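Starting from 1, each residue takes its place in the sequence as its number. Reckoned from all heavy atoms, side chains included, excluding hydrogens, waters and symmetry mates. Both counts, for ligands and for their atoms, begin at 1 and track the order of listing. Please read these numbers as outputs of a predicted model, since none were measured by experiment.
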Amino acid sequence: MATNRTFTMIKPDAYQAGNSGAIIKMIEEAGFRIVAAKLTRLTPERAGEFYAVHKERPFYKDLCSYMSSGPIIAMILEKDNAVADFRKLIGATNPANAEPGTIRKLFAKSIEANAIHGSDSDENAAIEGAFFFSGMEQF
Ligand code: IDP
Ligand code: MG
């Protein structure tokens with residue numbers, strides 16, 4: 001089912017660097033409405049669950065320790081064409097390949113510590129949102 005929602009996390013590097021406010025400003029100025037938001041911290045186990053699709057990848061263990069290294073801000077966002085438009089706003093996984101003006105180009109430190117997450121499909125947006133938030137029907 002197509003939806004107008006996506007899921008994002010401001011990752012530990014961006015939170016730690018004090019870039020959360022600037023990133024949220026870019027998100028809102030791009031026309032996304034924040035439907036739910038939570039400052040939280042993942043354990044390595046929960047990070048592993050979130051990124052289970054990558055468990056055979058060589059970077060999986062490092063990714064789980066990085067994603068549990070500090071607070072994150074999890075958010076559900078709403079906009080027409082949310083998933084695709086948000087992936088465009090954040091830019092490529094590797095900031096070296098990200099378009100100028102994208103969040104990752106501006107704020108990512110490396111291919112791993114790349115500032116922000118964005119869902120890659122409507123289906124995953126729903127799954128990932130439910131991973132952090134319950135009872136979203138009320139919003
Ligand atoms: P995405 O976040 O752009 O969707 P994915 O391929 O789904 O990228 O990878 C999930 C996360 O794993 C990335 O955002 C990044 O933090 C990390 N990652 C991806 N590829 C690499 C890599 O080659 N080395 C180290 N970390 C990586
Ligand atoms: Mg991905």
Report yes if some heavy atom in the side chain of [X] is under 4.5 Å from a heavy atom in the side chain of [Y]; otherwise report no.
X	Y	result
Phe132	Ile76	no
Asn19	Ile10	no
Ile73	Ile23	no
Tyr51	Arg57	no

Quiz item: Closest approach of Pro12 and Gly70, non-hydrogen atoms and distance?
Solution: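 Nearest pair, atom of Pro12 first, then Gly70: CG-O, 3.8 Å.
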Quiz item: Mind checking what residues have non-hydrogen atoms under 4.0 angstrom from ligand 1?
Solution: Lys11, Tyr51, His54, Phe59, Leu63, Arg87, Thr93, Arg104, Ile111, Glu112, Asn114
Quiz item: What is the ring orientation for His54 with Phe59, classed by angle as parallel under 30°, tilted 30 to 60°, or perpendicular over 60°?
Solution: tilted
